[in-house]
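Below is a structure I'd like to ask you about.
When reading the values below, keep in mind they use all heavy atoms of this one structure, side chains included, and skip hydrogens, waters and symmetry mates. Each chain gets a letter, A, B and so on, in the order its sequence line appears, and its residues count up from 1. What you see is a predicted model, and the numbers here were worked out from it, not measured in a lab.
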Amino acid sequence: MTSDHDPTAARSDAEPSERRDSEIRYDHRAIEAKWQAYWEEHQTFRTERRAGREKRYVLDMFPYPSGAGLHVGHPEGYTATDIMARFWRMRGHDVLHPMGWDAFGLPAEQHAIETGTHPSATTARNIQTFKRQLKMLGFSYDWSREIDTTDPGYVRFTQWIFLELYQLGLAFQAEVTVNWCPALGTVLANEEVIDGKSERGQHPVERRPLRQWMLKITAYADRLAQELVGLDWPAGTLAMQNDWIGRSEGAEAFFRIEGKTGTGDDAGFWIFTTRPDTLFGATYCVLAPEHPLVASLTTAERRAEVERYVIDAKNRAERERLAKKDKTGVFTGSYAVNPATGKPVPIWVADYVLWGYGTGAIMAVPAHDERDFDFAKKFELPIVEVVKGGDVARAAYTSHEVGELVNSGTLDGLEPPAAKKKITDWLEAEGLGRAKVQYKLRDWVFSRQRYWGEPIPIYFPVELDDPKGDPRAGAAHRIRYDQPVPLEAAELPLRLPELSDFKPGDDPAGPLARARDWRFFQKDGRWYARETNTMPQWAGSCWYYLRFLDPGNTAVGWSAEAERAWMPVDLYVGGAEHAVLHLLYARFWHKVLFDLGHVKDPEPFKKLVHQGMILGEDGEKMSKARGNVVNPDDIVRHYGADALRMYEMYMGPLEAVKPWQTSQISGVVRFRERVYALAHRPLVAECDEETRRLVHKTAKKVTQDVERMAFNTAIAALIVLTNHLMGKPEVPREALHVLTLCLSPFAPHLGEELWQKLGHTASLAHEPWPSWDEALTVDDTLEMGVQVNGKTRGTVRIARGADAAAAEAAARAVDGVAQQLAGKTVKKFIYVAGRIINFVVG
RNA sequence: GCGCAGGUGGCGGAAUUGGCAGACGCGCUGGAUUCAGGUUCCAGUGGGGUAACUCCUGUGCGGGUUCAAGUCCCGCCCUGCGCACCA
């Protein structure tokens, strides 16, 4: 080691503060606290919208503040957005980077049932914890825009949007079959029902029609699918939304019941098919068990069996029905007439036909549909080939593109696409059918029989048996649910009543039904009853990104001016678990608001990124039960916020699922210590050529990596620069300057501390991001691999612009290469400037 | 079953249009510093072989295209996630 590489050499002529590296300790607790206080005091991240600036709206999926506090998964996405927010701020853009709380929801209510603590108290406490933890991580949120979906000032506008939907006829009531658990006194989601019993408590669950509020999202199905095109979203998420909407083109056709005439409701039934071209091959029909015609179609001798089957099917939860299994079904004893062949076909009832999709009835074409094929085999129903191309004795031939129609009258000889068109036209001409677009997407059940949610701002007239009776005191009454009355906008927010008992009761109306003084009220001498269902947790998150634009506005949810200034969201980061529901619901609301002229864009989220899940050290999903949960508080206390931030970004690509490894944190901690130690070495004005080039290359690499959110490789580049500088007893000022600025989005506390050491008095948060000289990022000479027959035999350093002859001469001189070429003829010489040299020999 | 993403050292992961596979970090090995070290620093580290250089081999598996394949094409296997009788 030469003396000028000896770190102790710097010590002799250094200032007292410039100790040897190993003595310098970065006190992360003190330094991080110091800068967090500074940012707060100076309102460093207060959002501004300035004329002539580009804007960036950088949004996290806001959290549900659970009692467990922050999880290491949360900071992953939040760090990514914070880096982008800080980067764009330094690029001179106006950045909106807010945070808030999606605070309605079941856990707080469950806690209330168990302990009697009001959900608002639990929520407030949890929010406090979350906020402390987020602040501890040094995120550059504009906290003056903090919002809470349970705040009456927020609820008011959630209810206002509901009323807008209602006025458009997009919010309506309907009887819906739901999973009702009498023991728990509530409706359960399909996921909460296992084998016909409640997941919690094993109580019996029945399928029961209940009055629910629905949102007519199906009215937007086409646009929700169509307008996915052009969004900068993960391909998988676009595909999932598309599948969820599930648009399919086909035809509806009327099957007359044998012995009846006309097309009336009891003369037959409508089926939906995507394969009208196979109509001649329909050898039987199937109705869903819920189909209203089942009872009347069933013949006397079949009745007992059919009724048993239908009752069984009804009691099976829908989820169970959807699970693939052996086909079951029963014959009704009746026949329908195939409109194409005029022949009678038997009508069956089977649960593989879903009541919730299409018309709940199908024509079965076993030769060309796998499900019908399985069913026909099992019940020995006829199979008639109508599209040539497969062996329908063995398996269904399902191509709807390739093949030739047979046994199909006038369709014979056509290919399926042409046959579809022709038969659909024929059906239409005969009044027996029409082209039809069908969606899997169903309308959205929007009510919950719960306390801790937004009250639905609707009330209903009450009819009293005794006109002088008081329904609050239990006077006999009927609530006219068929005559809903919306609240006036000026009456909002409709607040939740205080309750001491949050338990759901035996009344499917939910806990709010017990708040009689709240529920019943008189107006103009008449009694009314409020809706006692509340909105689902999705409601608040459907528009929170709009409230962030203008959170203090008490007149409207957001001003047009604020909306024009910031929308759409430029970058939205959150978990893939919300790929369908939240994002679909929010898009739906946004489109309605767009149609009403309340927002200017048809889509709210321009670019979407899902952070990958962080697994436990054992490679399994983190869970309390497994005991592999990592608590960010512990990590920050021990290693510091910057270390946690850098570690999570350095683990791998943001989108990747990756295991947590605490041992890996030491890598970024050492990096931080080395950078800090560098700042204590003497700074010098002059910079050697090699260092200068590396600085420019690093600035370029980090910039480009941050732009594509490749944070792991950006940090690697910063480590390379740091390692290079560690070899220097004196640090070129410009090198430390660039390093500090490039590092600061990742490790903002360290960044500020170094910036101060560089002699600055203000925060670097709004300093211009480093630029670079392109010429300095390109080397004059470069090392190239030299191959013989594609195998690398050595390397050679040549001028960047060297011509083939020069390259060949240089390459031939390489030892290993010369040896390989000895005594052989070079058949071909390949030189791709800057990439490779290859000799092809015989 | 269908859709999407992925399979690279002991581990996390790098790798423009095909162009020196394994950047960077962890771990490990050796050395220096230290009273000591779970500190810091230096060197090494895909596997195999060798006294050494040379060498052989290597990106899930099997083929193919090419001067050249982690990357492109064909056929498989495996893992994760999502959907799952949607006619």
**OP:** Check the distance between B:rG82's P and A:H582's NE2 and give it to me in whole angstrom.
**Re:** 18 Å

Original post:
Yes or no on side-chain hydrogen bond (donor to acceptor under 3.5 Å, both in side chains) for A:Y439 and A:T218, after CA distance, side-chain angles and deciding distance?
Top reply: CA-CA 8 Å; A:Y439 300 92; A:T218 52; over 6 Å; no

Subject >> Spacing of the C1' atoms in B:rC4 and B:rA87 (rounded, Å) >> reply: 24 Å

Original post:
For atom C1', what is the distance between B:rC20 and B:rU59, given to the nearest Å?
Top reply: 15 Å

Original post:
Given that both distances must come in under 3.5 Å, which nucleotide forms a Watson-Crick or G-U wobble pair with B:rU59?
Top reply: none

Original post:
Across all strands, who's sitting opposite B:rC67 as a Watson-Crick or G-U wobble pair, both distances under 3.5 Å?
Top reply: B:rG19

Original post:
Applying a 3.5 Å limit to both distances, which nucleotide forms a Watson-Crick or G-U wobble pair with B:rU39?
Top reply: none

Original post:
The side chain of A:I836 lies closest to which of these nucleotides: B:rG25, B:rC67, B:rC20?
Top reply: B:rC20

Subject >> Touch class at under 4.0 angstrom, heavy-atom based, for A:Q438 against every strand present >> reply: nothing

Subject >> is_close_aromatic(A:W538, A:H582), centroid dist under 6.0 Å >> reply: no

Original post:
Which value, in whole Å, describes the distance between the C1' atoms of nucleotides B:rC76 and B:rC28?
Top reply: 37 Å

Subject >> Euclidean distance for P, B:rC26 against B:rG48 (whole angstrom) >> reply: 24 Å

Original post:
Considering only the P atoms, how many Å lie between B:rC81 and B:rA32, rounded to the nearest integer?
Top reply: 50 Å

Subject >> Nearest-angstrom distance from the residue atom CD of A:E370 to C1' of B:rC2 >> reply: 11 Å

Original post:
Which residue lies toward the 5' end of RNA chain B, A:A239 or A:V657, if each is placed at its nearest nucleotide?
Top reply: A:A239

Original post:
For the pair made of CG in A:L608 and C1' in B:rC4, what is the distance, rounded to whole Å?
Top reply: 15 Å

Subject >> 5' priority, RNA chain B, between A:N723 and A:M651 [closest heavy atom] >> reply: A:M651

Original post:
A:E783 side chain: which of B:rC20, B:rA23, B:rG25 is closest?
Top reply: B:rC20

Original post:
To the side chain of A:R674, which of B:rA87, B:rC26, B:rG25 is closest?
Top reply: B:rG25

Original post:
Does a donor on one side chain and an acceptor on the other come within less than 3.5 Å for A:D803 and A:Y831?
Top reply: no

Original post:
NA contact type, A:P653, heavy-atom cut-off 4.0 Å: base, sugar-phosphate, or nothing?
Top reply: sugar-phosphate

Original post:
Over how many whole Å does the gap from A:K728 atom NZ to B:rC41 atom C1' extend?
Top reply: 17 Å

Original post:
Taking the side chain of A:W244 as its heavy atoms from C-beta onward, which of B:rC26, B:rC83, B:rG12 lies nearest to it?
Top reply: B:rC83

Original post:
So what does A:D372 hit on the nucleic acid, given a heavy-atom distance under 4.0 Å: a base, only sugar-phosphate, or nothing?
Top reply: nothing

Original post:
In terms of ring plane angle, is the pair A:F269 and A:F255 parallel, tilted or perpendicular, where the classes change at 30° and 60°?
Top reply: parallel

Original post:
Looking for any heavy atom pair under 4.0 Å, which part of the strands does A:V832 touch: base, sugar-phosphate only, or nothing?
Top reply: base

**OP:** Answer yes or no: side-chain N or O of A:K827 and base N or O of B:rC67 forming a donor-acceptor pair under 3.5 Å.
**Re:** no

Original post:
What nucleic acid atoms does A:S666 come within less than 4.0 Å of, heavy atoms only: base, sugar-phosphate, or nothing?
Top reply: sugar-phosphate

Original post:
For B:rG27, which nucleotide in any strand shown is its Watson-Crick or wobble partner with both distances under 3.5 Å?
Top reply: B:rU45

Original post:
Within 45° of the six-membered ring axis of A:F375 and under 6.0 Å from that ring's centre, is NZ or CZ of A:K327 located there?
Top reply: no

Original post:
Quick one: is A:Y650 getting a side-chain N or O under 4.0 Å of the B:rG13 phosphate, OP1 or OP2?
Top reply: no

Subject >> Derivation and outcome, side-chain hydrogen bond (donor to acceptor under 3.5 Å, both in side chains), residues A:H610 and A:T237 >> reply: CA-CA 9 Å; A:H610 299 304; A:T237 302; 2.7 Å; yes

**OP:** Sticking with atom P, work out how far B:rG64 lies from B:rG70, rounded to a whole angstrom.
**Re:** 15 Å

Original post:
For A:Q661, which contact category applies under a 4.0 Å heavy-atom criterion: base, sugar-phosphate, or nothing?
Top reply: sugar-phosphate

**OP:** State which of B:rA87, B:rC24, B:rA14 makes the closest approach to the side chain of A:V353.
**Re:** B:rA87

Subject >> Closest to side chain of A:T795, choosing from B:rU57, B:rG25, B:rC20 >> reply: B:rC20

**OP:** Measure from CZ on A:F671 to P on B:rG12 and round the result to the nearest Å.
**Re:** 23 Å

Original post:
To the side chain of A:T274, which of B:rA87, B:rC26, B:rG13 is closest?
Top reply: B:rA87

**OP:** Please state the P separation for the pair B:rG18 and B:rC73 - nearest whole angstrom.
**Re:** 11 Å

Original post:
According to a strict under-4.0 Å criterion, is A:S248 in side-chain N/O contact with OP1 or OP2 of B:rA87?
Top reply: yes

Original post:
Side chains of A:E370 and A:T398: do they bring a donor and an acceptor to under 3.5 Å?
Top reply: no

Original post:
Counting any heavy atom closer than 4.0 Å, what does A:K658 reach on the DNA or RNA strands: base, sugar-phosphate only, or nothing?
Top reply: sugar-phosphate

Original post:
Does B:rG9 adopt a syn or an anti glycosidic conformation, taking syn as a chi angle within 90° of 0?
Top reply: syn

Original post:
Ion pair present between A:R247 and A:D222, side-chain N to carboxylate O less than 4.0 angstrom?
Top reply: yes

**OP:** Pick base, sugar-phosphate or nothing for A:N712, based on heavy-atom distances below 4.0 Å to the nucleic acid.
**Re:** sugar-phosphate

Original post:
Would you say B:rC20 has OP1 or OP2 under 4.0 Å from some side-chain N or O of A:K791?
Top reply: no

**OP:** Check whether any side-chain N or O of A:R670 sits under 4.0 Å from OP1 or OP2 of B:rC24, and answer yes or no.
**Re:** no

Subject >> Gap between atoms OH and P, on A:Y831 and B:rC20 respectively (whole Å) >> reply: 14 Å

Subject >> Mate of B:rA5 where both pairing distances stay under 3.5 Å, Watson-Crick or G-U >> reply: B:rU79

Original post:
Quick one: A:K701 NZ to B:rA23 C1', roughly how many Å, whole number?
Top reply: 9 Å

Subject >> Shortest side-chain distance from A:M726, nucleotide among B:rG12, B:rC41, B:rC24 >> reply: B:rC41

Original post:
Taking the inter-plane angle between the rings of A:Y26 and A:Y676 on a 0 to 90° scale, is it parallel (under 30°), tilted (30 to 60°) or perpendicular (over 60°)?
Top reply: perpendicular

**OP:** Using atom CD of A:E577 as one end and atom P of B:rC83 as the other, report the distance to the nearest whole Å.
**Re:** 12 Å

Subject >> OP1 or OP2 of B:rC20 under 4.0 Å from side-chain N/O of A:R793 >> reply: no

Subject >> From B:rA15, B:rC26, B:rG25, nucleotide with atom closest to A:I719 side chain >> reply: B:rG25

Original post:
If you measure only the distance, is there a donor-acceptor pair under 3.5 Å linking the side chains of A:R645 and A:T79?
Top reply: no

**OP:** Using the C1' atom as the reference point in each nucleotide, state the distance between B:rG27 and B:rU79 in Å, no decimals.
**Re:** 25 Å

**OP:** Report the nucleotide, chosen from B:rA87, B:rC20, B:rC24, that has the shortest atom-to-atom distance to any side-chain atom of A:A716.
**Re:** B:rC24

